[in-house]
Amino acid sequence: MSFSPQIAPLVKRGRFYFCRYLLKISPLAMSESAGHYEQERRTKLQKLRQLGIDPYGKRTAGVTPLATIKSQYKPEMGHDGGPDVIAAGRVMLKRDMGKLSFLTLRDETGDLQIALDKKRLSDRDWQIRDSVDLGDLLVVSGKLGQTNKGETTVWASTVSMASKALLPPPAKWEGLSDVELRYRQRYVDLWANPEVMRLMKLRIRVIDEIRRFMTNRGFVEVETPMMQTLAGGAAAKPFITHHNALDIPLFLRVAPELYLKRLLVGGFGKVFEMNRNFRNEGISPRHNPEFTMLEVYEAFGSWETMADLIEEMITMVAQNVIGTLQIEHANGRKINLQRPWRRARMTELVEEKTGWKFDKNPLQKPELLAGLGEKAAHYSPAEQLVEVYEKLVEPTLIDPCFVTHAPSVIIPLARENKEDPYFADVYELAINGVEISPGYSELNDPDLQAKHFAHQVGEKDQQQKMDEDFLTALKYGMPPAGGLGMGIDRLLMMLTGAESIRDVILFPLMRPV
RNA sequence: GAGCGCGUAGCUCAGUAGGUAGAGCAACGGACUUUUAAUCCGUAGGUCCUGGGUUCGAGUCCCAGCGCGCUCACCA
């Protein structure tokens, strides 16, 4: 919770001052400080109350979604011969002409016109019309019909105010387009820009489809700690918090991996978790500090069974939610999700794109090195390979491609390849020029795992501590397994063409004002 | 964290070369019983993000700060 600058010092001095401060704000004082628009609406609020009308409504039984009402209209109902219906929604448009008004209501299903006709309304309800502003939530009951111009309309016989809006909605034509306001005030954005509601519902369906897909294949969804005493499973910087009673630091998880693998040791065969991870790093159009990730582990699986699984999953989701495997973005980009998806070694793709035939020796092409920045000269050959792949190859992989056998040094939790341990038995699935999902043949040799961890801890930052308990777990024996992760937000960006991760997250993190 | 760009009425945006702050929608008053971003007549509405500075004079130029966006860095 954050406080405005003028209250913050009072809060810090204690609850007593905070309460006293709040008490000083009488409704009158608040209305004095309110803007012109709010003031006008408060006047109407008072007027309604004087008429004995509650401007904040009550439970209403029998409200039908607007799209459903609209679809119930049949030509034989004529002008006003349809059934009695109850419609509720936000007033988006208002067209008054003397003794008749047409209003456009909106709910989460769509828009519907209602008509307020003086002849059909009681005097009291007619007076409500004069107090209706754009943005108010109304409930009307009346006959379903159509106007002379053929617009499906509810001819209201009663009107009630479900909630009087004290603040005006954004301009009716332009809507809300300031991205900062859209993210900060999603509660306005969702109805001011109906495509935002559609996109968020699409997100919900995608997540639902994935859960169903996993469950149908015998995977069980589990919940592992989001607050961890060691943040392992990825090399990202964690958020740090503190447990008061235990007086210990706690970390928000950067990945659920090490706990899901403990479950494999515990005897679970097929598990997944789909929930938030937290990484304390830069924010960008592709990074939100908290993001939703799917992680899957299958005992006796491998990177290849994981690749099959994710390929099936994504095509099924696209087919069921988008309705096609030919994804087309507003900017003209086309993505073909038709199976089978390409599988190619990282070295192969790098050679294909840049001509560099990787032989485990340092990169000798000056023109390539120059593009990687000054640090690249100090990189190991393996790091150079990955760097060249990420900078020059990955962005060109628009159609799905499983990039396999990345160098094992960069993937401490994966199994080394039998024929050539320099590389790991892993894939990185790239679609739309970004990594959507990594998948591994998981390492289950405790000694090798300990070595990899030691190497990582020594080389990387000091925040990365060895998870001894995880190594203990491995010593009890973890079955060989396939594992995968998938960034749900990035999947949605790929499916919808959203250019920013914030567009597929209801409440992206924003710096407090 | 760095560079670049943006911040003007409730919303969407203009604002020339430094010279009293503008439009559309919304609001307010009036007319109107079939509108579709209704229309017509009239009225009002501003901490030009904040704070400094230059200048006779700053929305405009300079400096600092805040917020947002983009790019880079960070992120296997």
Enquirer: Can you list everything that forms a ring-ring contact (aromatic ring centres under 6.0 Å, His included) with A/Y389? Sequence neighbours excluded, please.
Expert: none
Enquirer: Consider the side chain of A/W155, meaning its heavy atoms from C-beta on, and name the nucleotide among B/G24, B/U34, B/A27 that approaches it most closely.
Expert: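 Nearest listed nucleotide: B/U34.
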Enquirer: Please say whether the positively charged group of A/R95, taken as NZ for Lys or CZ for Arg, lies over the ring of A/F102, i.e. under 6.0 angstrom from the six-membered ring centre and within 45 degrees of the axis.
Expert: no
Enquirer: Is it true that A/S441 and A/S302 share a donor-acceptor pair across their side chains at a distance under 3.5 Å?
Expert: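 On atom types as modelled, these side chains do not qualify, holding no pair under 3.5 Å.
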Enquirer: Mind checking what makes salt bridge (charged side-chain N to carboxylate O under 4.0 Å, His left out) contact with A/D111, not counting sequence neighbours?
Expert: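 Partners of A/D111 by the salt bridge (charged side-chain N to carboxylate O under 4.0 Å, His left out) criterion, ordered by chain and then number, come out as A/R106.
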Enquirer: Among the candidates B/A26, B/C13, B/C28, find the nucleotide nearest to the side-chain atoms of A/S177.
Expert: B/C13
Enquirer: Go ahead and name the base partner of B/U55; Watson-Crick or wobble counts if both distances stay under 3.5 Å, otherwise write none.
Expert: none
Enquirer: Heavy atoms under 4.0 Å, any strand shown: does A/F291 hit a base, just sugar-phosphate, or nothing?
Expert: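 Counting heavy atoms under 4.0 Å across all strands, no contact is made by A/F291.
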Enquirer: Which nucleotide wins on minimum distance to the side chain of A/L176, given the candidates B/C75, B/A27, B/U12?
Expert: B/U12
Enquirer: Taking atom P of B/A73 as reference, at what distance in whole Å does atom NE2 of A/H287 sit?
Expert: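 Taking NE2 of A/H287 and P of B/A73, I get 10 Å after rounding.
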Enquirer: Under 3.5 Å, which protein N or O atoms sit close to an N or O of nucleotides 37-40 of chain B? Give each pair with its distance.
Expert:
| residue | atom | partner | partner atom | Å |
| --- | --- | --- | --- | --- |
| B/A37 | O3' | A/K172 | NZ | 3.2 |
| B/A38 | OP1 | A/K172 | NZ | 2.6 |
| B/A38 | OP2 | A/R95 | NH1 | 2.7 |
| B/A38 | N7 | A/D96 | O | 3.2 |
| B/A38 | N6 | A/D96 | O | 2.8 |

Enquirer: Counting any heavy atom closer than 4.0 Å, what does A/E151 reach on the DNA or RNA strands: base, sugar-phosphate only, or nothing?
Expert: base
Enquirer: Does the side chain to side chain donor-acceptor pair (under 3.5 Å) test come out yes or no for A/N417 and A/Y422, once each step is laid out?
Expert: CA-CA 7 Å; A/N417 184 264; A/Y422 190 89; over 6 Å; no
Enquirer: Using atom C1' in both nucleotides, what's the gap between B/G45 and B/C11 to the nearest angstrom?
Expert: 14 Å
Enquirer: Please state the C1' separation for the pair B/C66 and B/G52 - nearest whole angstrom.
Expert: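 Nearest-Å result for B/C66 against B/G52 at atom C1': 15 Å.
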Enquirer: So A/Q113, base contact, sugar-phosphate only, or nothing? Heavy-atom distance under 4.0 Å.
Expert: base
Enquirer: With sequence neighbours left out, what residues match A/E304 under side-chain hydrogen bond (donor to acceptor under 3.5 Å, both in side chains)?
Expert: none
Enquirer: Please state the P separation for the pair B/U60 and B/U71 - nearest whole angstrom.
Expert: 29 Å
Enquirer: Tell which nucleotide pairs with B/G42, taking only Watson-Crick or G-U wobble pairs whose two distances are both under 3.5 angstrom.
Expert: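 With both distances under 3.5 Å, B/G42 matches B/C28.
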Enquirer: What does nucleotides 67-72 of chain B look like as a protein-contact string, B for base, S for sugar-phosphate only, - for none, at under 4.0 angstrom between heavy atoms?
Expert: SSSSS-
Enquirer: For the side chain of A/K44, starting at C-beta, report the closest nucleotide among B/C28, B/U36, B/C11.
Expert: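 The listed nucleotide nearest to A/K44's side chain is B/C28.
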Enquirer: How about A/T224 and A/R262: does a side-chain donor come under 3.5 Å of a side-chain acceptor?
Expert: no
Enquirer: Using a strict threshold of under 4.0 Å (side-chain N to carboxylate O), is an ion pair present between A/D107 and A/R90?
Expert: no
Enquirer: For A/Y427 and A/S437, which I'm curious about, is there any donor-acceptor pair between the side chains at under 3.5 Å?
Expert: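 Per modelled atom types, A/Y427 and A/S437 side chains form a pair under 3.5 Å.
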Enquirer: In whole Å, measure the gap between the P atoms of B/G10 and B/A27 for me.
Expert: 14 Å
Enquirer: Heavy atoms within less than 4.0 Å of RNA chain B: which residues of residues 272-282 of chain A have one? Give them sorted by number.
Expert: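 Residues of residues 272-282 of chain A that come under 4.0 Å of RNA chain B are, in numerical order, A/E281, A/G282.
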Enquirer: Considering Watson-Crick and G-U wobble pairs with both distances under 3.5 Å, what does B/U12 pair with?
Expert: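 Result: B/A23.
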Enquirer: Write down the distance separating the C1' atoms in B/C68 and B/U50, rounded off to the nearest Å.
Expert: 15 Å
Enquirer: Which listed nucleotide (B/U36, B/U33, B/C28) is nearest to the side chain of A/D133?
Expert: B/C28
Enquirer: So among A/Q39, A/E38, A/Q46, which one has a side chain to side chain donor-acceptor pair (under 3.5 Å) with A/R42?
Expert: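 With A/R42 as partner, A/Q39, A/E38, A/Q46 yield a single side chain to side chain donor-acceptor pair (under 3.5 Å), made by A/E38.
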Enquirer: With rounding to the closest Å, how many angstrom separate the P atoms on B/C70 and B/C13?
Expert: 16 Å
